[in-house]
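Notes follow the structure.
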Amino acid sequence: MRIVTWNINSVNARVERLTAWLELHKPDVVALQELKCTTDAFPVDAVAALGYEVAALGDGRWNGVALLSRVGLTDVVRNLEGQPEFDDSVEPRAIGATCGGVRVWSVYVPNGREPDHAHYAYKLEWLAALKKTAEAELAAGAGLPYAIIGDFNVAPTDEDVWDIADFQNATHVTAAERAAIDALTGAGLDEVMPRALKGKPFTFWDYRALMFQKGMGMRIDLIMANDVFRARVSDAWIDRDERKVKGGSDHAPVVVDLHD
DNA sequence: ATGCCCTATGATATAGGA
């Protein structure tokens, strides 16, 4: 079983990239983030033609998450338990479903903007709600393989950015953000570390200033999974080739393969 | 020190991304 998480940075701007990737790598389950479209505007027909069911959640301009599956898609849950609001809005940043016997969540964690910005406090509250949701589901669950995958907007260690010296007073690397990721271990979730196919195992490279060409990336798209899931992992890797293509997203797909 | 690029939108600028 092949599962992938990919911040696609507008699903409609990249629908041809998406379908090409699906045809080439044949994933069973796909978690997308940053759809940048409404739920109704998701290109359902394009992926249905390749055998995928879709559960999408979007409100238009920013954010937006989806799950695609060709191994069943049931028990869909939209938003977190007690998900905090920003600007009086519950933003479309989380969707969960059971696909082929695996419980999967696609999440797009708030960016945080600046450490003293209200968005940063929101980010930490959001991660706390994510933990609560995971704890509640795992406590009620039937021992299914369980994974929260997506764009966490946190680099778990200093090795996960090109140069920690460039991140003074920056988000994504603060102790509080990393503690919020570490706290997911309390819910029974630990990272599945992907392989880099070349260079460092980064998953995001800013479009600006030739960051990709200079190897200046970050590892912020994560796979957080329970022990039952992790015991089935046969491989995990980052498709940096997809970041190279003209018209690609600024994030690379992160793939995890499970054996039966 | 700042912007570089890319996206979507009551668009002819702006906000957001990280």
CG of A:Asn9 versus P of B:dA15: gap in Å, rounded? 19 Å
Using atom CG of A:Asn63 as one end and atom C1' of B:dT9 as the other, report the distance to the nearest whole Å. 14 Å
Need one value for A:Asp59: base, sugar-phosphate or nothing, where a base atom within 4.0 Å counts as base even if backbone is also close, heavy atoms only. nothing
Within the structure shown, what part of the strands sits under 4.0 Å from A:Met218 by heavy-atom distance: base, sugar-phosphate, or nothing? sugar-phosphate
For A:Glu85, look at atom CD and say whether over 12 heavy atoms of other residues, nucleotides or ligands are found less than 6.0 Å away. yes
Take atom CD of A:Glu34 and atom P of B:dG16, then tell me their distance rounded to the nearest Å. 13 Å
Check the phosphate of B:dA18 against A:Arg113, side-chain N and O only, distance under 4.0 Å to OP1 or OP2. Yes or no? no
Between A:Ala209 and A:Ser10, which has a closest nucleotide on DNA chain B that is more 5'? A:Ala209
With respect to A:His251, which candidate in A:Asn9, A:Thr5, A:Asp221, A:Thr203 satisfies the side chain to side chain donor-acceptor pair (under 3.5 Å) definition? A:Asp221
Nearest-angstrom distance from the residue atom CG of A:Asp221 to P of B:dG17: 15 Å
Taking atom P in both B:dT14 and B:dA1, compute the distance separating them and give it to the nearest angstrom. 25 Å
Candidates B:dA18, B:dA15, B:dG17 - which lies nearest the side chain of A:Ile220: B:dA18
Counting only distance, no hydrogens or angles, is the base of B:dA18 paired donor-acceptor with the side chain of A:Asn111 under 3.5 Å? yes
Please give, in whole Å, the distance from B:dA15 C1' to A:His119 NE2? 12 Å
Please classify the nucleic acid contact of A:Asp151 as base, sugar-phosphate, or nothing, using heavy-atom distances under 4.0 Å. sugar-phosphate
When you compare B:dA11 with B:dG16, how far apart are their C1' atoms, in angstrom units rounded to a whole number? 15 Å
Can you find a side-chain donor-acceptor pair between A:Tyr120 and A:Glu125 that sits under 3.5 Å? no
Gap between atoms CG and P, on A:Asn12 and B:dA8 respectively (whole Å): 8 Å
Does A:His172 put a side-chain nitrogen or oxygen below 4.0 Å from OP1 or OP2 of B:dG17? no
According to the interplanar angle, ranging from 0 to 90°, do the rings of A:Trp6 and A:Trp21 count as parallel (below 30°), tilted (30 to 60°) or perpendicular (above 60°)? tilted
Less than 6.0 angstrom separating the ring centers of A:Trp162 and A:Phe167, yes or no? yes
For nucleotides B:dG17 and B:dT12, find the distance between their C1' atoms and express it as a whole number of Å. 23 Å
Could you tell me how far B:dA15 sits from B:dG10 if I compare only their C1' atoms? Round to whole Å. 15 Å
Categorize A:Tyr108 for me: base, sugar-phosphate, or nothing, with a 4.0 angstrom heavy-atom threshold over every strand shown. sugar-phosphate
Tell me whether the OP1 or OP2 atom of B:dA18 has a side-chain N or O from A:Asn153 closer than 4.0 Å. yes
Start at the 5' end of DNA chain B and walk down; is the nucleotide closest to A:Glu114 or to A:Arg14 reached first? A:Arg14
Report the distance from atom CG of A:Asp166 to atom P of B:dT2, rounded to the nearest whole Å. 14 Å
Rounded distance (Å) that lies between atom P of B:dG16 and atom CZ of A:Phe86: 8 Å
Between B:dA13 and B:dT2, how many Å separate the two P atoms, rounded to a whole number? 24 Å
Quick one: sort the A:His119 and A:Phe86 rings into parallel, tilted or perpendicular, breaks at 30° and 60°. perpendicular
Considering only B:dT9, B:dC4, B:dT7, which nucleotide approaches the side chain of A:Arg208 most closely? B:dC4
